[in-house]
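Scope of the values below: all heavy atoms of this structure, side chains included, with no hydrogens, waters or symmetry mates.
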Amino acid sequence: MPLLSQLDLPTLLWVAFMTNAVLAAAVLFVGGRWWTDDGLSAWGWGLALHAISYPVFALRLHGWPGASVVIYNVLVPGMLALHALAVWQFQRHRSPPLPM
């Protein structure tokens, strides 16, 4: 029997949610503990949005496919934007500006 047929989607979504939620809590704790503008807070909020996206994705399993698609497609670009902002905040003083 193939391995993929033995995987349980709700369990995988739960584990992904918990992993991202714990990471978000840890990064937000460290980022909020010391006031620095190095991108940790943006990265933590991006992880929090990523964590929330898993239960939203699971709405498809409970008969809410339309709401799941719309909300998921709002959360994921928000998460990517926050992660891009975090990388920019982290790198802006570490690399020379590009010539104009």
Distance-minimising heavy-atom pair for [X] and [Y]:
X     : Y     : result
Leu28 : Ser41 : CD2-O, 3.7 Å
Ala24 : Gly44 : CB-O, 3.6 Å
Leu13 : Ala58 : CD1-CB, 3.7 Å
Arg60 : Ser68 : NE-OG, 2.9 Å
Gln89 : Ala42 : OE1-CB, 4.0 Å
Ala86 : Gly39 : CB-O, 3.3 Å

Hey, any chance [X] and [Y] share a hydrophobic cluster, counting ILVMFWY side chains that come within less than 4.5 Å of each other, even indirectly?
X     : Y     : result
Leu59 : Val15 : no
Val70 : Met79 : no
Trp45 : Leu80 : yes
Val69 : Tyr72 : no

- Message: List the residues meeting side-chain contact (heavy atoms from CB on, under 4.5 Å) with Leu75, not counting sequence neighbours, and say none if there are none.
- Response: Leu49, Ile52, Ser53, Val56, Ile71
- With sequence neighbours left out, what residues match Tyr54 under side chain to side chain donor-acceptor pair (under 3.5 Å)? His50
- Starting from the C-alpha separation in whole Å, work towards a yes-or-no answer on side-chain contact (heavy atoms from CB on, under 4.5 Å) for Phe90 and Leu40. CA-CA 8 Å; Phe90 182 75; Leu40 275 179; over 6 Å; no
- Spacing of Trp43 atom CH2 and Leu23 atom CG [to the nearest 0.5 Å]: 10.5 Å
- Task: Going by the side chain to side chain contact (heavy atoms under 4.5 Å, CB included) test, name the single residue among Val22, Asn20, Leu82 that passes it with Leu47.
- Result: Asn20
